[in-house]
Every structure is written in structure tokens, then in C-alpha cells.
Amino acid sequence: MYRCYTWTYQLEAPPFGPLMDVLNAFFAAYPKGDYTCELRETYKLEFRRGRWKRLLGIGPQVPAALVRGDFSQWPLIVRVLARPSPERNLIFARYELYLPRSIKELVPELQSSVDLHIRAELADLAAYLRECMNLDKPPEVTAA
């Protein structure tokens with residue numbers, strides 16, 4: 001089994017019809033990570049990014065490598081869930097980092113570094129939402 005570390009965050013935004021299209025567009029075109037949409041449902045998106053390889057060349061994709069100094073290549077799955085209501089949208093982003101078999105654990109310093117990278121990415125998402133939704137200020141990113 002591959003070891004997985006998770007980080008979950010939340011953003012709150014006002015109601016917005018094309019919210020899922022905006023979230024999909026952000027990750028699909030994000031310049032600091034080459035995301036591929038693996039799943040799209042009404043209020044759920046799932047993206048894969050980084051270095052993955054096929055198990056035995058034909059099987060499921062498994063994490064291939066942690067590229068030192070290039071977080072955009074680390075094997076991540078990002079699950080985005082929107083919970084709309086008439087008053088607000090709650091947006092949850094869950095980042096799952098999968099370690100290659102050659103790496104047994106992620107030391108606490110690297111876990112903190114991953115958190116900083118993710119928060120920077122979500123700050124970019126908040127700025128993008130601010131622009132697309134014509135908000136006065138970007139939504140706040142909080143740990144969920």
C-alpha cells in the first residue's frame with residue numbers, strides 16, 4: 001500500500017451559478033501544476049497532478065517520484081467539493097500526497113512545506129474566485 005498524507009481546506013464564497021466551471025478552469029489552467037481532471041460530477045471535481053506511472057506498465061497509476069525542489073511534480077490528487085446553498089457556497093479542497101514506495105514517510109518539516117505550497121495555491125484560487133465572481137476581497141482559506 002502507498003502511504004498517503006492529506007490536507008483539507010475550506011473557502012466560503014457567495015452563491016455563483018458557474019462555480020464548478022470556474023473551479024475546473026482554475027485547476028485545468030493553473031501554471032504551477034499540470035492538473036488533469038479525473039472526475040467531474042455536479043458538485044465534485046477530482047484532479048491528478050505530478051509524477052505517476054502505470055503499475056506494470058498497464059495497471060493503475062501509482063506515485064513515481066518526489067522531485068526535490070519541484071513541488072509541482074509531486075504525485076497529488078486534489079478533490080474539490082462544493083456545497084451550495086442560497087446564502088453561500090462552501091468549497092472544500094482536499095489534497096492527497098501519495099509517497100512512492102521508496103519513501104516510507106514525510107518528515108514534519110516537509111509536511112509543513114507542503115502545507116505552505118498548498119496554501120499559496122489556494123491563495124491563487126481565492127484571487128481567481130475574487131476576479132471571476134467580482135468580489136471586493138478574495139475568500140478566506142482556512143484549514144477544515
Side-chain angles (χ1 to χ4, degrees), residues 1-55 58-101 103 105-144:
M1 195 74 190
Y2 290 87
R3 181 112 190 230
C4 175
Y5 289 85
T6 62
W7 293 263
T8 305
Y9 304 88
Q10 176 181 315
L11 295 94
E12 187 176 316
F16 187 65
L19 177 64
M20 297 311 288
D21 292 332
V22 169
L23 293 170
N24 189 42
F26 172 80
F27 285 101
Y30 190 61
K32 298 177 186 172
D34 186 15
Y35 284 102
T36 300
C37 187
E38 299 279 321
L39 171 77
R40 181 169 177 154
E41 294 179 359
T42 305
Y43 297 110
K44 188 187 299 185
L45 298 166
E46 183 177 302
F47 299 92
R48 181 182 306 270
R49 182 190 88 189
R51 297 214 177 195
W52 296 81
K53 64 182 177 183
R54 292 263 177 217
L55 188 62
I58 56 170
Q61 293 191 50
V62 297
L66 296 184
V67 180
R68 186 178 181 97
D70 189 0
F71 181 69
S72 68
Q73 294 299 311
W74 287 27
L76 286 177
I77 292 179
V78 179
R79 301 176 199 276
V80 180
L81 174 68
R83 299 183 94 187
S85 74
E87 296 84 32
R88 65 184 176 169
N89 286 308
L90 287 178
I91 303 164
F92 296 93
R94 178 183 167 127
Y95 284 73
E96 300 174 0
L97 170 63
Y98 288 86
L99 298 183
R101 287 195 189 271
I103 300 173
E105 68 178 334
L106 203 61
V107 296
E109 296 81 23
L110 275 179
Q111 291 181 46
S112 295
S113 175
V114 170
D115 176 65
L116 292 175
H117 281 286
I118 293 170
R119 285 182 181 273
E121 184 168 297
L122 290 176
D124 292 344
L125 172 60
Y128 187 73
L129 289 172
R130 178 187 165 276
E131 179 183 339
C132 291
M133 298 171 81
N134 199 22
L135 302 173
D136 293 335
K137 61 181 185 169
E140 183 181 352
V141 176
T142 58

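Everything numeric in this text was worked out from a predicted model, so none of it was measured.
For the pair E46 and I77, the tightest heavy-atom approach, listed with the atom from each and the gap, is CG-CG2, 3.8 Å. Of all the heavy atoms in G33 and S72, the pair that sits closest is CA-CB, 4.2 Å. Minimum interatomic distance between K53 and P63 (heavy atoms only, all atoms of both residues): CE-O, 4.3 Å. Between L76 and Y35, the closest heavy-atom pair is CD1-OH, 4.4 Å. Across all their heavy atoms, A25 and Y128 have their closest contact at CB-OH, 3.6 Å. When all heavy atoms of V80 and F27 are compared, the closest pair comes out as CG2-CE1, 3.8 Å.
For the pair C37/N24, a side-chain contact is recorded, criterion being any heavy-atom separation below 4.5 Å from C-beta on. Between D124 and K32, the closest side-chain pair of non-hydrogen atoms falls below 4.5 Å. Residues M20 and T42 are not in side-chain contact: their nearest non-hydrogen atoms beyond the backbone lie 4.5 Å or more apart. Residues Y9 and I118 form a side-chain contact, since some pair of their non-hydrogen atoms from C-beta on lies under 4.5 Å apart.
One distance of note links CG of L135 with CZ of F16; it measures 8.5 Å at 0.5 Å rounding. Between atom CZ of residue R48 and atom OG1 of residue T36 there is a gap of 8.5 Å, rounded to the nearest 0.5 Å. For the atom pair CG of D115 and CG of L110, the computed distance is 12.5 Å after rounding to the nearest 0.5 Å.
Counting heavy atoms of neighbouring residues, nucleotides and ligands inside a 6.0 Å radius, atom CZ of R83 does not exceed 12 of them. In the displayed structure, E140 atom CD is contacted under 6.0 Å by at most 12 heavy atoms of other residues, nucleotides or ligands. Heavy atoms of other residues, nucleotides or ligands lying less than 6.0 angstrom from CZ of R51 number 12 at most.
Note on ring orientation: taking the six-membered ring where Trp is involved, the planes of F71 and H117 are parallel (angle under 30°, cut-offs 30° and 60°).
For the side-chain contact (heavy atoms from CB on, under 4.5 Å) with L11, the lone residue among L129, T142, L23 that qualifies is L129.
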>> side-chain contact (heavy atoms from CB on, under 4.5 Å), that's the test. Do V78 and R49 meet it? Break it down for me.
In response: CA-CA 8 Å; V78 179; R49 182 190 88 189; over 6 Å; no
> Run the side-chain contact (heavy atoms from CB on, under 4.5 Å) check on V22 and E131 step by step: do they pass?
Replying inline: CA-CA 10 Å; V22 169; E131 179 183 339; over 6 Å; no
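Judged by distance alone, the side chain of W52 and the main-chain N or O of A64 form no donor-acceptor pair under 3.5 Å.
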Taking distance alone, no hydrogens or angles, what donor-acceptor pairs closer than 3.5 Å link side-chain atoms of residues 85-100 to residues at least two apart or in another chain?
residue : atom : partner : partner atom : Å
S85     : OG   : E87     : N            : 3.4
S85     : OG   : R88     : N            : 3.2
S85     : OG   : R88     : O            : 2.9
R88     : NH1  : E12     : OE1          : 3.2
N89     : ND2  : P14     : O            : 2.9
R94     : NE   : E96     : OE2          : 2.9
Y95     : OH   : E121    : OE2          : 2.6
E96     : OE1  : R79     : NE           : 3.4
E96     : OE1  : R79     : NH2          : 3.1
E96     : OE1  : Y98     : OH           : 2.7
E96     : OE2  : R79     : NE           : 2.7

